[in-house]
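These values consider heavy atoms only, across backbone and side chains, with no hydrogens, waters or symmetry-generated copies. We number each residue from 1, following the sequence as shown. Being a predicted model, the structure only gives us computed values, none of them experimental.
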Amino acid sequence: MDLRAHTRQYCRRDNRLASLSYFSTLAIYFLSLTFAVAFAQAWYILLPAGMVFAVSAVRLYVLQHDAGHHSLFETRLQNECAGHLLSVFTFAPFEVMKQNHNLHHGGISNLEHRETGEIFTMTLREWEQATRLQRIGYRCYRNPFILVTFGALFTYFIRYRWPKNTMHFGAGGVILHNIAIAGFLWGLYRIGDVTAVMVWLTFSFLGGMLGVFLVYLQHNFEDTYWDRRPDLDPVKAALSGASCLDFGWFFDLAVANITLHDLHHFNARIPSYRLRQCHYAIPSEYAPRRIKFSEALRALTLKLWDEKKKRLVPFPSMVENVQ
């Protein structure tokens, strides 16, 4: 089977589907936020409304990611406008993040360019050569409770205010982006006082944690793929170096199919609203391996890339360290 020819069938962009996905998600984002703020004193309304808001924020982030690949709407201008507008609600400055993400696609699974990834992975050999202080730092960094919670707080609320490569890809755009966010928060405060800002902040943080969890799983699972040039295989890097998560169709819908990350890396021109259709049209003998939720949770225990075994492994045990 020619997988590239298969995926090209699903690259057609459709403004009707894109608009439905884009504007309905924005509507859910604002409607759920309105309910959460209006019923902030009623936890039985606040919690479900806030959770819907958090997931819709993640979905907006995925749609902005699509716009960055110019795969959401039909024209470049439409995608650019859509991406810039969403940046106010995703907290991700569009132009710089778009360029950084393109670098990520170019460096996927390349052990010599791990700086292009969202989450750094150390090799087993590097771990064995690391100092005690470096090991402690890396252990803290890869601890799922720290990675997901503080990772979300740092990434979305601090790091994205001035992302890496900002001076290279456009400091002016990042400054305007931050001013727009300040204006949005000021508007929230004027409408709903401190309560509105705190509700937005709390559930945006929850959405950020879900986002970090998904980003981690996209490239950190046991039989993922890493290599060095000239042996690095770009096709294997896309299909084996990125995950296919199987958490059910509803979850796929909620996060705009970013769970099918392997196909996205193989062909970034497939719009999010066609990814699932493309994936399930692949004959079973060629279909990528799907990772269930239980395996995804176990992946949080994997920390180091073993270049000899060609797989992600946990930290060595204390007994192994002594031996």
Side-chain angles (χ1 to χ4, degrees), residues 13 15 18-19 21-23 25-26 29-30 33 53-54 56-108 113-120 150-191 196-197 200-201 203-205 207-209 211-212 214-215 218 256 258 264-265 268-269 271-272:
R13 294 161 293 178
N15 275 354
S19 296
S21 182
Y22 188 87
F23 292 109
T25 308
L26 276 173
Y29 177 92
F30 284 110
L33 177 60
F53 169 79
S56 68
V58 173
R59 198 174 201 279
L60 288 180
Y61 187 91
V62 177
L63 295 180
Q64 185 189 33
H65 156 266
D66 262 24
H69 285 292
H70 298 155
S71 63
L72 184 61
F73 288 97
E74 293 176 5
T75 71
R76 178 186 180 91
L77 179 61
Q78 289 167 342
N79 282 297
E80 291 286 308
C81 291
H84 281 293
L85 175 62
L86 289 184
S87 68
V88 180
F89 314 118
T90 64
F91 258 38
F94 179 65
E95 184 60 31
V96 173
M97 296 308 299
K98 176 184 73 175
Q99 299 295 346
N100 282 339
H101 189 68
N102 288 337
L103 292 176
H104 164 66
H105 270 251
I108 181 175
H113 286 286
R114 278 167 284 169
E115 75 283 355
T116 63
E118 287 90 349
I119 296 174
F120 178 74
F150 288 97
L153 180 64
F154 174 76
T155 300
Y156 295 105
F157 297 101
I158 300 174
R159 186 67 175 118
Y160 279 6
R161 304 290 56 76
W162 196 263
K164 62 183 179 182
N165 299 319
T166 289
M167 294 303 295
H168 183 66
F169 292 128
V174 173
I175 293 171
L176 289 175
H177 164 76
N178 289 333
I179 292 173
I181 289 176
F184 174 62
L185 292 179
W186 174 246
L188 272 182
Y189 175 77
R190 295 286 294 179
I191 294 171
V197 176
W200 176 88
L201 183 63
F203 290 103
S204 291
F205 178 48
M209 288 194 291
V212 169
L214 290 175
V215 166
Q218 285 171 356
I258 197 63
H264 167 70
H265 267 281
R269 292 298 184 183
S272 57

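Taking CZ of Arg59 as the reference point, atom OH of Tyr22 lies at 12.5 Å (rounded to 0.5 Å). Rounding to the nearest 0.5 Å gives a distance of 6.5 Å between OG1 of Thr90 and NE2 of His177. The CD atom of Gln64 lies 9.0 Å from the NE2 atom of His84; values are rounded to the nearest 0.5 Å. Note that CZ of Phe94 and CD of Glu80 are 4.5 Å apart. Values are rounded to the nearest 0.5 Å. Rounded to the nearest 0.5 angstrom, Arg190 CZ and Trp186 CH2 are separated by 5.0 Å. If you take CH2 on Trp200 and CG on Leu33, they are separated by 9.5 Å, rounding to the nearest 0.5 Å.
Between Phe89 and Tyr29, the ring-plane angle classifies as tilted under the 30° and 60° cut-offs. Under the 30°/60° scheme for interplanar angles, the aromatic rings of His101 and His104 are found to be tilted.
The two atoms that bring Gly208 and Tyr156 nearest to each other are O-CE1, 3.5 Å, heavy atoms only. Between His69 and Arg269 the shortest heavy-atom distance is O-NH1, 2.7 Å. Closest heavy-atom contact between Ile181 and Ser87: CD1-O, 4.5 Å. Pairing each heavy atom of Val212 with each of Ile119, the nearest pair is O-CD1, 4.4 Å. Considering all non-hydrogen atoms of both residues, Gly107 and Thr116 come closest at CA-OG1, 3.7 Å. The nearest pair of heavy atoms linking Ala152 to Phe205 is CB-CE1, 4.1 Å.
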Handout entry: Step-by-step side-chain contact (heavy atoms from CB on, under 4.5 Å) determination, Leu103 to His113
Key = CA-CA 10 Å; Leu103 292 176; His113 286 286; over 6 Å; no
Exercise for the section: Evaluate side-chain contact (heavy atoms from CB on, under 4.5 Å) for Val215 paired with Thr155, printing each intermediate quantity in order. Expected result: CA-CA 12 Å; Val215 166; Thr155 300; over 6 Å; no
Practice task
Applying side-chain contact (heavy atoms from CB on, under 4.5 Å), run through Ile258 and Ser272 and close with a yes or a no.
Solution key: CA-CA 7 Å; Ile258 197 63; Ser272 57; over 6 Å; no
Exercise for the section: Using the side-chain contact (heavy atoms from CB on, under 4.5 Å) rule, take His70 and Gln78 through it: C-alpha gap first, then chi angles, then the decisive distance, then the call. Expected result: CA-CA 9 Å; His70 298 155; Gln78 289 167 342; over 6 Å; no
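A heavy-atom distance below 4.5 Å is found between the side chains of Ile175 and Trp162.
Screening Asp66, Val62, Leu26 for a side-chain contact (heavy atoms from CB on, under 4.5 Å) with Leu86, the sole residue that qualifies is Leu26.
At distances below 3.5 Å, at least one donor-acceptor pair connects side-chain atoms of Lys164 with backbone N or O atoms of Glu115. Asn15 contributes no side-chain N or O that, together with a main-chain N or O of Phe73, makes up a donor-acceptor pair within less than 3.5 Å. Of the possible polar contacts, one joining the Ser56 side chain to the Phe53 backbone as a donor-acceptor pair under 3.5 Å is found.
The number of heavy-atom neighbours closer than 6.0 Å to CZ of Phe150, taken from other residues, nucleotides and ligands shown, is 12 or below.
Here Phe91 and Phe184 keep their ring centres 6.0 angstrom or further from each other.
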